[in-house]
Undergrad: 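Questions regarding the structure given below will be posed in turn.
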Amino acid sequence: MSRKTYRQAVSEALRHEMRRDLRVVIMGEDVSGGLGAPGEQDAWGGPQGVTKGLMPEFGRGRVLDTPISESAFIGAAAGAAATGLRPVAELMFVDFMGVCFDQIFNQAAKFRYMFGGRAVTPLVIRTQYGAGLRAASQHSQSLYPIFTHIPGLKVVLPSSAYEAKGLLIQAIRDDDPVVFFEHKALYDDEEEVPDEAYTIPFGEANLTREGSDATIVAFGRMVKFANQVADSLEQDGIGCTVIDPRTTSPLDSDAILDSVAETGRLVVVDEASPRCNMATDIAALVAEHAFGALKAPVRMITPPHTPVPFAPELEDAYIPSPARIEEAVRGVLAAKR
Amino acid sequence: MSRKTYRQAVSEALRHEMRRDLRVVIMGEDVSGGLGAPGEQDAWGGPQGVTKGLMPEFGRGRVLDTPISESAFIGAAAGAAATGLRPVAELMFVDFMGVCFDQIFNQAAKFRYMFGGRAVTPLVIRTQYGAGLRAASQHSQSLYPIFTHIPGLKVVLPSSAYEAKGLLIQAIRDDDPVVFFEHKALYDDEEEVPDEAYTIPFGEANLTREGSDATIVAFGRMVKFANQVADSLEQDGIGCTVIDPRTTSPLDSDAILDSVAETGRLVVVDEASPRCNMATDIAALVAEHAFGALKAPVRMITPPHTPVPFAPELEDAYIPSPARIEEAVRGVLAAKR
Amino acid sequence: MQLSRDQLLRAYRDMATIRAFEERVHVEFAAGVLPGFVHLYAGEEASAVGVCMNLGDGDVIASTHRGHGHCIAKGCDVKAMMKELYGSVEGLCRGKGGSMHIADLSRGMLGANGIVGGGPPLICGAALSAKVMKTGGVAVAFVGDGGSNQGTTLESFNLARVWELPAVFVIEDNGYAESTASSWAVGGDQLKRAEGFGLPARRVDGHDFFDVHDAAGEAITRARSGGGPSLLHVVLDRYYSHFEGDAGTYRGPGEVDRLRAEKDCLKRFRKRVIESALLGKDQVDTIDREVAALIETSVREARTAAKPSAADVLTDVYLSY
Amino acid sequence: MQLSRDQLLRAYRDMATIRAFEERVHVEFAAGVLPGFVHLYAGEEASAVGVCMNLGDGDVIASTHRGHGHCIAKGCDVKAMMKELYGSVEGLCRGKGGSMHIADLSRGMLGANGIVGGGPPLICGAALSAKVMKTGGVAVAFVGDGGSNQGTTLESFNLARVWELPAVFVIEDNGYAESTASSWAVGGDQLKRAEGFGLPARRVDGHDFFDVHDAAGEAITRARSGGGPSLLHVVLDRYYSHFEGDAGTYRGPGEVDRLRAEKDCLKRFRKRVIESALLGKDQVDTIDREVAALIETSVREARTAAKPSAADVLTDVYLSY
Ligand SMILES: Cc1ncc(C[n+]2csc(CCOP(=O)(O)OP(=O)(O)O)c2C)c(N)n1
Ligand SMILES: Cc1ncc(C[n+]2csc(CCOP(=O)(O)OP(=O)(O)O)c2C)c(N)n1
Ligand SMILES: [Mg+2]
Ligand SMILES: [Mg+2]
């Protein structure tokens with residue numbers, strides 16, 4: 001056990017699994033880097049340095065740099081998964097899904113079903129998401145609702161370093177295709193993380209705070225904000241349960257419904273665009289299955305229905321803030337049925 | 001005015017607009033057909049014959065067949081829209097979005113915003129969607145929630161021939177990118193459709209039935225099913241309001257909230273996969289903004305979270321049926337707060 | 001490559017089976033008993049069989065929407081295929097896939113594909129599996145002339161080259177993508193395109209089994225022995241229209257009749273093996289009879305095979321949830 | 001092509017402006033005052049300017065993530081560009097786009113693009129607009145060596161050919177995509193690829209303005225006069241690392257110093273025009289001074305230019321809703 005960053009946690013998970021299972025290979029643009037170049041080899045390790053050091057240890061045979069051809073290499077990862085390997089492919093930013101989505105949602109996600117259960121596709125796609133780095137419209141999106149919408153895909157949103165390591169090891173050992181969303185503003189966050197390998201099961205929410213006045217469901221980086229809000233409200237004697245579902249598909253509906261049964265009040269915080277997103281997914285779940293327990297309207301805290309803007313003032317206004325979340329919790333507490 | 005099929009209605013809309021505005025061009029695979037072939041020219045008119053006859057009238061300069069290169073030609077439509085044309089591109093089945101989504105969601109949808117309001121992109125993408133034709137997993141999806149999720153896109157779901165004509169003309173005259181979803185099981189449906197051009201504004205729901213006991217919101221083909229259910233319940237003295245929002249983006253929230261304010265009971269019927277779909281979108285809207293009026297839990301009728309299966313027995317079980325909708329309406333009527 | 005008598009018999013049997021299967025599916029479809037979207041491979045048999053005769057169970061192919069021929073050539077069970085088309089739970093994909101997604105991974109058949117250009121990236125992956133796990137396996141992607149314009153296909157050419165994969169791309173150029181002629185839709189030239197990406201490439205007459213078999217053998221041997229990817233441009237013809245239901249009016253007058261009369265890979269094969277006494281006429285006739293019986297039984301069994309139940313909708317999405 | 005003195009002055013001014021802009025952005029970024037992801041074009045100036053000197057306002061270009069040079073060469077306002085990078089509401093995209101999405105449609109600059117390979121399909125569309133509306137316009141896509149492996153790019157080659165579009169594809173091959181060498185990632189050869197799709201293609205030295213200008217002129221003239229699309233393979237170098245923040249360790253020892261010393265399109269241009277007395281040294285020096293002043297003013301103004309307000313987030317999504 002020692003303090004590790006989210007970046008290190010992801011990196012360790014990859015290293016553990018590559019040591020443990022020869023079928024695990026990784027691929028992506030510059031996951032090693034320097035290929036064919038005159039200078040340093042393993043020069044990049046991906047844009048965040050997450051995969052640096054893997055090529056020297058495991059060789060170019062298992063750490064595969066790729067041309068900028070996402071359809072071909074994400075599809076290759078799907079094809080390799082269906083034929084015996086356990087690839088971890090890096091889609092550098094989830095914003096690039098548009099050039100390769102077919103291989104993810106029509107191929108990898110559907111093999112098992114279309115082929116009558118006679119295929120396994122143990123594929124992991126690691127990808128960066130989220131706003132906050134002034135990377136603007138095409139490098140800042142939180143497109144996990146789209147992947148959650150697709151039957152056959154599992155979708156993971158690690159909210160901290162500890163979560164990242166355990167969930168990624170689980171993802172690699174899982175026999176279904178998994179899309180693993182790393183928030184680009186979390187890579188430097190640190191916490192205690194075991195040195196050894198461990199798994200966190202999918203579909204089991206984590207209650208990061210417990211309280212009986214209101215339930216906050218949040219995803220990825222928004223869990224951090226929700227925790228801050230819960231801590232601040234605690235000072236005022238308001239107890240919040242913060243639920244980090246960890247995986248949006250499968251979803252731990254029970255944890256959410258049980259908590260709402262107790263608190264009767266729900267705020268959902270989602271960094272994704274507001275239409276057909278996880279906030280609506282959770283709000284709808286509760287409106288259907290915990291309606292009787294609700295003491296106030298559900299509140300959804302999301303960005304506006306716009307692309308992510310560039311200028312810092314704009315982006316800061318775009319991202320759901322702890323202040324907005326706190327205001328919403330106070331709102332549901334004040335509201336009466 | 002005369003009886004016309006959905007197919008004819010779409011076709012007429014295209015013809016009206018191509019006559020009216022020289023900047024309107026259409027493109028897609030075999031939208032005319034027979035190019036380079038020894039036999040009949042204009043041999044196809046798209047897979048449904050919708051665009052047949054346009055090439056002879058408007059010429060190959062404005063009716064453009066394409067290679068099977070969706071990224072290139074959908075992207076070309078976006079680029080053409082940004083530089084003066086008003087293209088209507090046909091994505092044969094929405095299931096094929098995965099090979100060209102980038103050009104839709106990162107390019108066309110974002111130009112206006114990214115470029116600070118200094119671009120217009122009057123692009124229409126026509127596409128077939130929906131189950132029912134035994135076309136199986138890769139040709140039967142209802143992916144409109146994905147497009148609805150994307151800021152910058154408008155999303156239209158015509159539920160009948162009359163709707164199709166008016167909404168398509170509106171789409172072509174609109175200065176924003178529009179994705180126009182034609183349900184493949186509706187093409188032969190007939191109704192009275194004016195011969196002249198007319199528009200149906202976006203964001204204005206159509207109340208196809210009115211009643212004060214329950215509200216049913218349905219999309220596309222599901223409107224037809226909802227109407228059947230409303231008519232059948234009418235026999236039992238149960239009055240339903242059926243809302244066809246026509247466009248999921250923009251959405252006529254007011255029409256839905258107003259109706260729920262009156263009925264207090266809501267069933268949403270969505271042919272799309274259940275997670276992060278329009279059913280959750282509407283249910284969440286109501287849970288947030290009409291909570292006080294609700295007398296029963298919201299019910300969502302959707303397919304299961306699986307790909308679309310091939311065998312008729314399976315596909316019939318997959319598609320939301322009038323029977324399931326009726327059961328849900330009776331359910332919300334029976335439920336107590 | 002010299003073929004043994006057994007190999008010749010197998011080649012003929014496989015081609016004849018594909019032909020008979022497709023002719024019968026055409027009839028069944030016209031009778032309205034077959035659901036779904038169906039694309040027939042009749043006329044192109046020498047390509048599937050000429051290629052797949054060079055492959056074993058450890059090798060993998062990815063097919064197209066026109067997948068029945070590749071399935072049969074790769075050794076999939078014909079009865080289970082017919083049951084799949086009939087939507088039976090006893091089908092190759094338990095009735096969930098249908099014609100456009102028919103597959104059998106145990107035979108290295110990675111699926112027909114409803115997405116044009118869907119297969120080539122997958123085949124890069126199958127080739128990677130073979131390379132990493134050192135199985136000696138080879139992976140083959142079949143692609144239509146139309147599919148050769150899909151970016152996924154073109155990217156795969158390059159990926160296979162830079163990763164030095166044991167992969168072969170087989171462009172089955174039947175002159176049309178739906179109703180559009182490949183002479184119009186394909187800019188440039190297939191062989192030059194391949195060479196542009198550094199792939200060795202050969203053009204072959206897809207009506208001639210021996211021609212295909214030979215060129216495919218060369219490409220597959222190259223791949224298997226570490227020589228990397230290559231491409232085959234197979235020029236052939238489809239007898240039926242694009243899909244069952246397409247009137248095919250874009251064809252020239254008498255085109256199909258002429259094709260059937262003059263460009264029939266089965267007739268050509270028969271003629272050659274009988275004239276050169278490689279096989280006896282009776283041997284070939286026997287196969288014809290056996291194949292006819294097999295197809296008859298397949299249809300009979302498929303018609304009455306068990307249908308899935310509604311509960312089956314929910315299975316097979318995930319391995320674990 | 002013979003260039004007038006005015007044209008030569010403009011060429012030098014544009015190249016010098018790009019260089020000065022980028023060198024300054026590098027400094028500003030290092031000082032931590034510039035937000036976002038920034039990719040610098042320094043070293044590649046002769047390509048943008050050599051191509052765009054052949055274009056007018058009615059012609060359209062699509063750029064890459066490395067877009068500042070193309071913007072300036074296409075006539076975008078330098079001050080408004082700098083303001084955009086600073087996230088000002090007075091910027092070219094009112095602070096919403098930033099470096100990766102900088103655009104000015106009124107100048108025919110269809111945007112930098114955060115998506116590698118995003119531009120070529122768009123340029124097919126711009127070329128189609130010109131063709132349908134008979135404007136005589138030409139559309140040019142700039143693509144990196146890395147972007148040349150993206151399926152969108154390759155599909156566009158074919159679409160431009162079969163639609164006979166007035167389009168030109170300019171592959172700016174600076175030897176690297178991020179840290180990966182193009183010698184590894186690009187299978188085959190750019191010219192052969194182009195020819196595979198039926199596109200006439202030429203390779204030029206991207207350090208030599210005249211070479212680029214000449215080849216681009218030929219391609220653009222061909223397109224403008226109805227001769228269809230073609231491709232330019234421009235071989236050049238970038239001085240900075242992939243993005244501001246990349247240590248660039250994949251470069252060989254002394255690589256950048258050597259490039260700056262030996263492969264500088266600006267120095268080469270100066271030398272040539274002065275030695276051949278096409279321009280006077282004083283004229284060139286004057287431009288240098290004016291450019292330096294312009295960049296200085298741009299930064300000064302950008303630093304204090306108005307920032308957007310939170311309410312601006314909500315505008316410009318749709319034209320009507
Ligand atoms: C991505 C995608 N685009 C379009 C289609 C529709 N479609 C199915 S088959 C076909 C023509 C394919 O032509 P070709 O590749 O030559 O194969 P052939 O049918 O001639 O065997 C088209 C356009 C599709 N299934 N997938
Ligand atoms: C679709 C997509 N894939 C990957 C990236 C990440 N990325 C940005 S620039 C770049 C390298 C581009 O190389 P090249 O095309 O040679 O242009 P250069 O940077 O050398 O100018 C990569 C991989 C991206 N922006 N978009
Ligand atoms: Mg074909
Ligand atoms: Mg480069």
Side-chain angles (χ1 to χ4, degrees), chain A residues 71 95-107 109-110 113-114 136-138 141 143 145-146 148-152 248-249 251 266 268 272-292 294 296-300 304-307 309-310 335 337, chain B residues 71 95-107 109-110 113-114 136-138 141 143 145-146 148-152 248-249 251 266 268 272-292 294 296-300 304-307 309-310 335 337:
Chain A
S71 273
D95 309 71
F96 307 162
M97 64 164 283
V99 296
C100 61
F101 192 40
D102 185 71
Q103 293 290 329
I104 303 171
F105 94 104
N106 272 331
Q107 313 295 337
K110 294 189 172 56
Y113 195 81
M114 291 191 305
S137 298
Q138 294 173 335
Q141 296 167 88
L143 301 168
I146 292 180
T148 305
H149 180 67
I150 302 295
T248 61
S249 185
L251 178 72
L266 174 67
V268 197
S273 289
R275 304 295 314 284
C276 302
N277 70 354
M278 280 308 301
T280 70
D281 194 78
I282 303 292
L285 171 80
V286 166
E288 182 158 11
H289 296 293
F291 178 73
L294 275 179
V298 173
R299 280 291 301 276
M300 296 182 279
H305 192 57
T306 74
F310 165 64
R337 179 148 202 155
Chain B
S71 274
D95 310 70
F96 308 162
M97 63 164 281
V99 297
C100 61
F101 193 39
D102 185 72
Q103 293 291 329
I104 303 171
F105 94 104
N106 272 332
Q107 313 297 335
K110 294 188 172 56
Y113 196 80
M114 290 193 304
S137 299
Q138 295 174 334
Q141 296 168 87
L143 300 168
I146 293 180
T148 305
H149 180 66
I150 302 294
T248 61
S249 186
L251 178 72
L266 175 67
V268 196
S273 289
R275 305 296 313 284
C276 301
N277 69 354
M278 280 308 301
T280 71
D281 195 79
I282 303 293
L285 172 80
V286 167
E288 183 158 9
H289 296 292
F291 178 72
L294 275 180
V298 174
R299 279 291 300 276
M300 297 183 278
H305 192 57
T306 73
F310 165 63
R337 176 147 204 156

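All chains are named by letter (A, B, ...) in the order of the sequence lines, taking the proteins before the strands, and each is independently numbered beginning at 1. In what follows, every heavy atom counts, from backbone to side chain, and hydrogens, waters and symmetry copies are set aside.
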Undergrad: Say you draw a straight line from NE2 of His305(A) to CD1 of Ile150(B); how long is it, rounded to the nearest 0.5 Å?
TA: 8.5 Å
Undergrad: For Ser71(B), which residues count as a side chain to side chain contact (heavy atoms under 4.5 Å, CB included) partner, sequence neighbours excluded?
TA: Cys100(B), Thr152(D), Glu155(D)
Undergrad: What residue, out of Ser273(A), Ala109(A), Ala290(A), Ala283(A), has the most heavy-atom pairs lying under 4.5 Å from chain B?
TA: Ser273(A)
Undergrad: Counting heavy-atom pairs under 4.5 Å to chain A, which of Met278(B), Gln103(B), Glu288(B) comes out on top?
TA: Glu288(B)
Undergrad: What distance do Phe310(A) atom CZ and Tyr113(B) atom OH have between them, rounded to the nearest 0.5 Å?
TA: 13.0 Å
Undergrad: Taking every heavy-atom pair that is under 4.5 Å apart, which of Gln138(A), Lys110(A), Arg275(A) has the most such pairs with chain B?
TA: Arg275(A)
Undergrad: Can you tell me how far CZ of Phe101(A) sits from CG of Asp102(B), rounded to the nearest 0.5 angstrom?
TA: 12.5 Å
Undergrad: Please identify, among Val286(B), Asn277(B), Val99(B), the residue contributing the most non-hydrogen atom pairs under 4.5 Å to chain A.
TA: Asn277(B)
Undergrad: Return the option, out of Ala136(B), Ala272(B), Ser249(B), Pro309(B), with the maximum number of heavy-atom pairs under 4.5 Å with chain A.
TA: Pro309(B)
Undergrad: With chain A as the partner, which of Thr148(B), Leu266(B), Ile146(B), Asp281(B) has the greatest number of non-hydrogen pairs under 4.5 Å?
TA: Asp281(B)
Undergrad: Could you check if a side-chain atom of Ile282(B) sits within less than 4.5 angstrom of a side-chain atom of Val298(B), using non-hydrogen atoms only?
TA: no
Undergrad: Atom NE2 in His149(B), atom CZ in Phe105(B): separation rounded to 0.5 Å?
TA: 9.5 Å
Undergrad: List in chain and number order the residues that pass side chain to side chain donor-acceptor pair (under 3.5 Å) with Ser137(A), two or more places apart in sequence or in another chain; answer none if no residue qualifies.
TA: none
Undergrad: Does any heavy atom of chain A fall under 4.5 Å from the side chain of Gln141(B), the backbone, both, or neither of them?
TA: side chain
Undergrad: Among Ala284(A), Gly152(A), Cys276(A), which residue has the highest count of heavy-atom pairs closer than 4.5 Å to chain B?
TA: Cys276(A)
Undergrad: Where on Pro274(A) is there a heavy atom nearer than 4.5 Å to chain B: the side chain, the backbone, both, or neither?
TA: backbone
